[in-house]
Amino acid sequence: CDWSSDVCSSDLTRVIAGGNIVVSPANGTGDVTISALTGGTSGTTTGHYAAFHDSTNQYANVSTSSYVWNIGTTDATNGVTTTGNALSFAYTGVYNIQFSTQFLNTGAGSPNNANIWIRQNGTDVSASMGQVTIPAKNSSQNGAVIAGWNYVLPITAGDTIQFVWQNNSNDSSVYIA
């Protein structure tokens, strides 16, 4: 085949499609359309996704307490929504769940640490915790760090995921911005 011009010198003899994929016409001759089935209807979406953000400052004032991140705005969604401050999944599958956030330290003197982890259906996910160090304020410049990573998790329809954090200091100098 010359893929740059979409011309093939041989005929297509077989089209194989996996689960939830429809090939039309079924014999694969003529113009062939391949589409995904989502929730029993034909469409072109081949995956479930969402993008959310929150623009409020979120404080953790007690080092022994955990705080769930706010989710304020939905940017795009297909099969993943929010219920309160939790992501809710309409479809079973393996999902790549990603985040990025900025931590600020307005306290002068020493850096602070923040622990970040996820909860699935209200239970902390084992081995999901990570830690970032937020530099101390330097003169008039707040200490800042951007944290971001991803989790690949099996999700069952109806599951929820929450992002959780904890500050190692008992003051309000560290927060998510």
Side-chain angles (χ1 to χ4, degrees), residues 18-20 36 38-39 43 45-177:
N20 293 332
T38 304
T45 302
T46 58
H48 304 289
Y49 59 88
F52 306 98
H53 77 273
D54 191 86
S55 58
T56 61
N57 292 338
Q58 301 179 41
Y59 295 89
N61 296 326
V62 179
S63 64
T64 56
S65 296
S66 58
Y67 298 86
V68 175
W69 291 358
N70 294 331
I71 302 172
T73 303
T74 300
D75 299 314
T77 185
N78 180 42
V80 182
T81 57
T82 59
T83 302
N85 287 324
L87 306 179
S88 298
F89 296 82
Y91 300 97
T92 297
V94 176
Y95 287 79
N96 183 348
I97 301 168
Q98 304 175 25
F99 79 86
S100 65
T101 189
Q102 178 170 305
F103 288 94
L104 294 179
N105 184 352
T106 60
S110 63
N112 282 304
N113 294 325
N115 298 319
I116 305 165
W117 67 96
I118 57 174
R119 287 186 179 146
Q120 187 169 8
N121 301 321
T123 302
D124 294 344
V125 174
S126 176
S128 70
M129 183 183 289
Q131 187 176 81
V132 295
T133 300
I134 307 104
K137 181 177 182 178
N138 182 352
S139 186
S140 64
Q141 182 73 32
N142 289 333
V145 66
I146 294 177
W149 54 83
N150 62 306
Y151 305 93
V152 177
L153 294 172
I155 298 289
T156 301
D159 280 0
T160 61
I161 294 290
Q162 294 174 301
F163 295 98
V164 187
W165 74 293
Q166 181 181 46
N167 180 10
N168 76 330
S169 175
N170 281 332
D171 62 38
S172 60
S173 65
V174 175
Y175 62 97
I176 298 174

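Just so we're clear, the structure is a prediction, and the values are computed from it rather than from any experiment.
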**OP:** Compare every heavy atom of Gly158 with every heavy atom of Asn121, then report the nearest pair and how far apart it is.
**Re:** OD1-O, 4.3 Å

**OP:** Flag the pair Val145 / Thr133 as yes when at least one side-chain heavy-atom distance between them is below 4.5 Å, and no otherwise.
**Re:** no

Original post:
Of the non-hydrogen atoms in Gly47 and Asn78, which two are nearest, and what is the gap between them?
Top reply: O-ND2, 2.9 Å

Subject >> Single hit among Gln162, Arg119, Gln166 for side-chain hydrogen bond (donor to acceptor under 3.5 Å, both in side chains) with Ser66 >> reply: Arg119

Original post:
Parallel under 30°, tilted from 30 to 60°, perpendicular over 60°: which one fits the rings of Phe103 and Trp69?
Top reply: perpendicular

Subject >> CG on Asp159 to CD1 on Ile161, rounded to 0.5 Å >> reply: 6.5 Å

Original post:
Can you tell me how far OG1 of Thr74 sits from NE2 of His53, rounded to the nearest 0.5 angstrom?
Top reply: 9.5 Å

**OP:** Take the angle between the ring planes of Phe99 and Tyr151 and call it parallel below 30°, perpendicular above 60°, tilted in between.
**Re:** parallel

**OP:** Taking all non-hydrogen atoms of both residues into account, name the closest pair between Gln120 and Pro154 and its distance.
**Re:** NE2-O, 3.3 Å

**OP:** For Asn150 and Gln98, indicate whether the former's side chain and the latter's backbone hold a donor-acceptor pair under 3.5 Å.
**Re:** no

Original post:
Shortest non-hydrogen contact from Asp54 to Gly72?
Top reply: OD1-N, 3.0 Å

Original post:
If you take all heavy atoms of Tyr49 and Ala76, which pair is closest and at what distance?
Top reply: CE1-CB, 4.2 Å

Original post:
Got a donor-acceptor contact below 3.5 angstrom from the Asn113 side chain to the Asn168 backbone?
Top reply: no

Subject >> Thr160, Ile97, Thr156, Leu153 screened by side chain to side chain contact (heavy atoms under 4.5 Å, CB included) with Phe89, the one that passes >> reply: Ile97

Original post:
About how many Å separate OG1 of Thr82 and CD1 of Ile71, when rounded to the nearest 0.5 Å?
Top reply: 6.5 Å

Original post:
Hey, is the main chain of Gln131 close enough, under 3.5 Å, to the side chain of Asn115 for a donor-acceptor pair?
Top reply: no

**OP:** Working to the nearest 0.5 Å, report the span between OG1 of Thr56 and CG of Asn70.
**Re:** 4.5 Å

Original post:
Considering all heavy atoms of both residues, which atom of Tyr95 and which atom of Tyr91 are nearest to each other, and what is their separation?
Top reply: OH-O, 2.8 Å

Subject >> Member of Phe163, Tyr59, Trp165 meeting the side chain to side chain contact (heavy atoms under 4.5 Å, CB included) criterion with Tyr67 >> reply: Trp165

Subject >> From Ile155 atom CD1 to His48 atom NE2, the distance as rounded to the nearest 0.5 Å >> reply: 12.5 Å

**OP:** Give a yes or no answer on whether the side chain of Asn105 reaches the backbone of Pro135 with a donor-acceptor pair at less than 3.5 Å.
**Re:** yes

